[in-house]
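I have placed the structure first, in the form of structure tokens, so that the comments after it can refer back to it.
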Amino acid sequence: MATKGKRIHVVPHEGGFAAKREGTNRAGSVHPTQQEAIEAAQTTARRERGEVIIHRRNGQIRDSDSYGSDPNPPRDTKH
């Protein structure tokens, strides 16, 4: 699993969605659409070998992806 500092959450934000590092109060970047926020978070996660956690508008976790060497990779078939 990615370390705490390398988790990036895509969360609802005023006027759209934000990509925000876990454990911080400020949004790293704000985007008009969820897809744009996801793409920004994925770029950072790939560079830092982290994890992206995507939230719905109600705050519920919708999906997550890991972009590093995960010692226990999930056995999902979505990709």
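As a basis for the values below, the full set of heavy atoms in this structure was taken, side chains included, without hydrogen atoms, waters or symmetry mates.
- For Glu51 and Tyr67, the side-chain atoms include no donor-acceptor pair closer than 3.5 Å.
- In this structure, the side chain of His55 engages the main chain of Gly59 through a donor-acceptor pair within 3.5 Å.
- To the nearest 0.5 Å, the span separating CD1 on Ile53 from OG on Ser66 amounts to 9.5 Å.
- We find the CD1-CG distance between Ile61 and Asp63 to be 10.0 Å, quoted to the nearest 0.5 Å.
- Between Thr33 and Glu36, the shortest heavy-atom distance links the atoms OG1-OE1, 3.0 Å.
- Shown here are the side-chain contact (heavy atoms from CB on, under 4.5 Å) partners of Arg62, two or more places apart in sequence or in another chain: Gln34, Ile38, Ile54, Arg56.
- Residues Arg21 and Thr44 meet the side-chain proximity criterion, which asks for heavy atoms closer than 4.5 Å.
- Summarising the geometry, atom OG belonging to Ser29 is positioned 12.5 Å from atom NZ belonging to Lys20; distances are rounded to the nearest 0.5 Å.
- Shortest non-hydrogen contact noted between Ile8 and Ala45 is CD1-N, 3.9 Å.
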